[in-house]
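Here the structure comes first, spelled out in structure tokens, and everything after it is commentary.
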Amino acid sequence: MSEKRYDPSEIEPRWQRVWATERTWEVVNEDPARAARARGAGEQGGRDVKSYVLEMLPYPSGEPHIGHLKTYSVGDAIAHFHRRTGHRVLHPMGYDAFGLPAENHAIRTGEHPRDSTAASIASFQRQFRSWGISIDWSRELATHEPTYYRWTQWIFLELLRAGLAYRKEAAVKWCPNDQTVLANEQVVEGHCERCGAEVEVRQLTQWFLRITDYAERLLRDLDTIDWPENVKTMQRNWIGRSEGAEVNFRCEDLDPAHPVDYPVFTTRPDTLFGATFFVMAPEHPDVLRLVEGTDREAEVREYVNRALTESNEQRGDAEKPKTGVPLGRTVINPVNGERIPMYVADYVLMEYGTGAIMAVPGHDERDYDFAVAHGLPIKRVIEDPTRRPGNRAPEDGGDDEDPAHPGLPYTGDGPLVNSHPEFDGTHNRTALSEIVAWLDREGKGHASVNYRLRDWLISRQRYWGCPIPIVHCDSCGMVPVPDDQLPVQLPDVEDYAPKGRSPLAAAEDWLSTTCPSCDGPARRETDTMDTFVDSSWYFMRYCDPHNDQAAFDPAALRQWMPVDQYIGGIEHAILHLMYARFFTKALADLGHLDFQEPFKALFTQGMITKDGAKMSKSKGNVVPPAAIVESHGADTARAYILFIGPPDQDADWSDEGVEGVHRFLSRLWRLASEVADRGKEAPHAAPPQAAHARPGQPAHAPAGPDLELMRKAHWAIEKVSGDLRRFAFNTAIAAVMELLNECYRLRESASAESERFALSSAASLLFPFAPHVSAEVYDMLTGERVWEQPWPQADTRYLESESYELVCQVNGKLRDRVQAPSEAGEQELIELCRKAPNVIAHLDGKQVVKEIVVPGKLVNLVVR
RNA sequence: GCACCAGUGCCUUAAUCGGUGAAAGGGCCGGCCUUAAAAGCCGGAGAUCCGGGUUCGAGCCCCGGCUGGUGCACCA
């Protein structure tokens, strides 16, 4: 027998060279007129139907890790499948090159971030090529290149001109370790998302993007896109829409002639009559004014200072007892004129609503805790319809319920009580809208919607980012850099170490400039942008990557956008995916685009773990993809990572599993060489193109082992096609394994022609997952290039047969099996079943009370 | 605490509409081949988290519980 062995180190570079020299995966933009015609042609436009397949761009740091291998293996499988099902596929690659890791590396080593980033990008490029990913390299970009960030700056200025970018002083999250501010989204449980340091609060003047203007649309349009439900839910929660009312509480204590109205936001205006006190956040600007010169001042000052210096984590702990101090002032409840005492307490947040709340301890758990701790009155204003008077609440609450306030706090629905004769007895949901209407008529409040989403803070006091194109002039103030002077280039600096201000402030030559407006002396803005700004529009740049007149030509975007299939990690469910949607909507409003959502469909892949734990350098359990490619080849690495489990779920890496997949590819290759050799001895064998032939007449009607093999092959075609459409790559690969097992089982008995057909079909189906060995095997068997072949079509005649095995059940238990003709009717099937020997035995002396027939499957006789 | 997802051989996964005796790979065991081993080929053992319900029939649907994961969490 042949001594040849499956050798990926020889096969893989050979096919990679073909794809590189022939530029197989490049697509060119069509001229707009033709593109418009193609769009008009609609779905059946065949080759002209575009498909934009995109994986989230990598952050180039060090070399690619196993997560990258998974992302691009998934994306490449989809890209190949789309190509072979008649789409023009755009599948580009780029690098999210600005960011903290490169800068931190520079601080440690002095190596310029540009150099370390370039080295890392080179390593990513090398490995992506060695994995055989089908990328259109002609569109490659990196966000740190001036040719790219010039347009990032232009977009910033567009947003500024539209009033969507602004500067304000605010209490912001500050990372003491990275010495920079953070976006809300980058603070995880009070710690910096990147370095884990505990985050502090600082008052700083910072740049923001007005994403909150888009809260409603970001929420609503989630219904228009094909994304995983859990990602949509996370975005909905993050946006946090609450419907309620804004209600004014009047304070006459300072100056009765000039009362002050303090608005509060509440989702429960139906409980207004139960408000027994009023609480302000420690940051509320009026807190100190309200106590100035009173005997409360000292205590309040002390409390506010303590609250402000407390870490987020300490303050945010929901388990912490409710603290606060009285202000010695009162406000008037607008619905009943009652004067209720004012407090300052740190459980009220300045950033949400108005920074002040009405407290309804009878129907809110936090207010209840506070009232109990401070001896404040607790009033029931909503009856619990399920509660029996005198009865303890069932099970829970029986022990820890406060006997003084049975059944409180109660947050459910029910009729109003103790409120107002007009509302008592009305169901609270009805009363709610009536009370809001009444407030509105009286000018004491109005319906209102609140969002949890905050504006996006984009300033970073760091070096390695996109400079903000603004100049500060003593006479003109803040002046945007004119478009024709972009980009504002990032200068070189000596010292990257953060000192609480941007390292750019030390670049004297760069810093001092002239005002574009008055030509007087001016200083440049020294903050850089959050890297999420860079990645919020890169998918558009791919459509027109070399344009030096504009960020992109709208006509180019019309050809490719939106992205048809976006692929990336679930960790970007909120940050990147929300920001990119915001940019798209803002740019659409400014007339630069004509679509509202950037990513039509999203696939989020799960994490690869090792021994159940996240891979990390500190744990020493990283599996570098390069090592697997080296030892087993890229095809094995790619196919294994897709075979390991459903791609949207986390999966644990196993070295044995890699061996198994390698063995599978090896068996495919070996049997294919054997069959190809056999074919040479029998040159008259028909070229096995049956997979693509119309269901017409086969050369001969296969029978016996040939028929079995043909059936299995067509079954696999059907199975893999369906699995690919639903991203079930693991089961698709398993189906090809089954097909190959069948090829081995029947290799002595089936004809060379059938074997060839089955094996070339297996290679064709495997191509999206293991392109090199599939191309090799297909070439050996057919002399054709598999990627130029259309996706195989299952011949339905092989999927059904003239007879099948009918399952005969008695009382739901399998008793026998008989052959039944496919076209047999129900009565015929019942007769067949009743005649089955083992069924007769079980029917003995019993009466059949019911007959259940599932055509094509079974007959169940119910007896008594 | 709330929400979502998941529990199938030793491990990782599969099982369209509820319809056969639960499938694949790895691991393990045995056989063939070999002087022997590896590789290869052939074969084997081995599972639906627990308790109820619906049904002629439940891994699949419903209810309750247990376990694990993820997200959110003082958002008024």
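Just so we're on the same page: letters track the sequence lines, and every chain starts at 1.
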message: Can you check the distance between B:rG64 and B:rC4, where both ends of the measurement are the P atom (answer in whole Å)?
response: 12 Å

field: Residue list, salt bridge (Lys or Arg N to Asp or Glu O under 4.0 Å) with A:Glu216, at least two apart or on another chain
entry: A:Arg241

field: Chi-angle category of B:rC17 [syn within 90° of 0, anti beyond]
entry: syn

message: Walk along nucleotides 9-24 of chain B from 5' to 3' and tag each nucleotide B, S or - by protein heavy-atom contact under 4.0 Å, base first, then sugar-phosphate.
response: ---SSSS---BBB-SS

OP1 or OP2 of B:rA76 under 4.0 Å from side-chain N/O of A:Ser242: yes

- request: Answer with yes or no after comparing the ring centroid distance for A:Tyr343 and A:Phe278 against a 6.0 Å cut-off, counting only values under it.
  value: no

task: In whole angstrom, give the distance that lies between atom CG of A:Leu668 and atom C1' of B:rG40.
output: 16 Å

- request: Quote, to the nearest angstrom, the C1' distance that separates B:rA3 from B:rU20.
  value: 39 Å

task: Check whether any side-chain N or O of A:Arg747 sits under 4.0 Å from OP1 or OP2 of B:rC41, and answer yes or no.
output: no

message: Using the P atom as the point on both nucleotides, what is the distance between B:rA22 and B:rC49, in whole Å?
response: 15 Å

field: Atom-pair distance (NZ on A:Lys232; C1' on B:rA3), nearest Å
entry: 17 Å

- prompt: In chain order, what residues pass the ring-ring contact (aromatic ring centres under 6.0 Å, His included) check against A:Phe273, with sequence neighbours excluded?
  reply: none

- prompt: Tell me: CZ of A:Arg667 to P of B:rC42, nearest whole Å?
  reply: 6 Å

task: Report the distance from atom CG of A:Leu222 to atom C1' of B:rC4, rounded to the nearest whole Å.
output: 16 Å

query: Got a sec, which residues hit ring-ring contact (aromatic ring centres under 6.0 Å, His included) with A:Phe603, two or more places apart in sequence or on another chain?
result: A:Phe727

message: Here's a test of your reading of the structure: between A:Asn237 and A:Gly240, which maps to the more 5' nucleotide of RNA chain B?
response: A:Asn237

- request: Could you list the residues that satisfy salt bridge (Lys or Arg N to Asp or Glu O under 4.0 Å) with A:Lys70, not counting sequence neighbours?
  value: none

task: Please name all residues satisfying salt bridge (Lys or Arg N to Asp or Glu O under 4.0 Å) with A:Asp261, sequence neighbours left out, ordered by chain then number.
output: A:Arg250

message: Taking the cut-offs as 6.0 angstrom to the six-membered ring centre and 45 degrees off its axis, would you call A:Arg667 and A:Tyr744 a cation-pi pair?
response: yes

message: Here's a test of your reading of the structure: between A:Tyr744 and A:Gly657, which maps to the more 5' nucleotide of RNA chain B?
response: A:Gly657

message: Suppose you measure atom P in B:rG27 against the same atom in B:rC41; what distance do you get, rounded to whole Å?
response: 13 Å

query: If you measure from the Lys or Arg side-chain nitrogens to the Asp or Glu carboxylate oxygens, is any gap between A:Asp413 and A:Arg429 under 4.0 Å?
result: yes

- request: Send over the distance from A:Met234 CE to B:rG69 P, rounded to a whole Å.
  value: 17 Å

message: Suppose you measure atom P in B:rA73 against the same atom in B:rC10; what distance do you get, rounded to whole Å?
response: 40 Å

Using atom types as modelled, flag every donor-acceptor pair under 3.5 Å from a side chain in residues 825-832 of chain A to any protein atom, sequence neighbours excluded.
none

message: Between C1' on B:rA76 and CZ on A:Arg268, what's the gap in Å once rounded to a whole number?
response: 11 Å

field: B:rC42 and B:rA24, which share atom name P, separated by this distance in whole Å
entry: 13 Å

task: Can you tell me, in whole Å, how much space there is between the C1' of B:rU54 and that of B:rA14?
output: 27 Å

message: Any base atoms under 4.0 Å from A:Thr267, or only sugar-phosphate, or nothing? Heavy atoms, all strands.
response: sugar-phosphate

All N/O pairs under 3.5 Å across the protein-nucleotides 27-33 of chain B interface:
none

Results of side chain to side chain donor-acceptor pair (under 3.5 Å) for A:Glu718 - residues two or more places apart only: none

message: What is the separation between atom NE2 on A:His572 and atom P on B:rG71, rounded to the nearest whole Å?
response: 14 Å

message: Applying a 4.0 Å non-hydrogen cut-off, can you work out what A:Gly660 is touching in the nucleic acid: base, sugar-phosphate, or nothing?
response: sugar-phosphate

task: Begin with the C-alpha distance, continue with both residues' side-chain angles, and end with the deciding distance and a verdict on ring-ring contact (aromatic ring centres under 6.0 Å, His included) for A:Phe277 and A:Phe370.
output: CA-CA 10 Å; A:Phe277 56 101; A:Phe370 189 85; 5.4 Å; yes

For A:Glu742, all residues meeting salt bridge (Lys or Arg N to Asp or Glu O under 4.0 Å), sequence neighbours excluded: A:Arg745

- prompt: In whole Å, what separates the C1' atom of B:rG31 from that of B:rA45?
  reply: 15 Å

query: Is RNA chain B part of any stem, that is, at least 3 consecutive Watson-Crick or G-U pairs with both distances under 3.5 Å, and where?
result: B:1-7 with B:66-72, B:10-13 with B:23-26, B:28-32 with B:40-44, B:49-53 with B:61-65

task: Measure from NZ on A:Lys850 to C1' on B:rU55 and round the result to the nearest Å.
output: 9 Å

field: Residues forming a ring-ring contact (aromatic ring centres under 6.0 Å, His included) with A:Tyr451, sequence neighbours excluded
entry: none

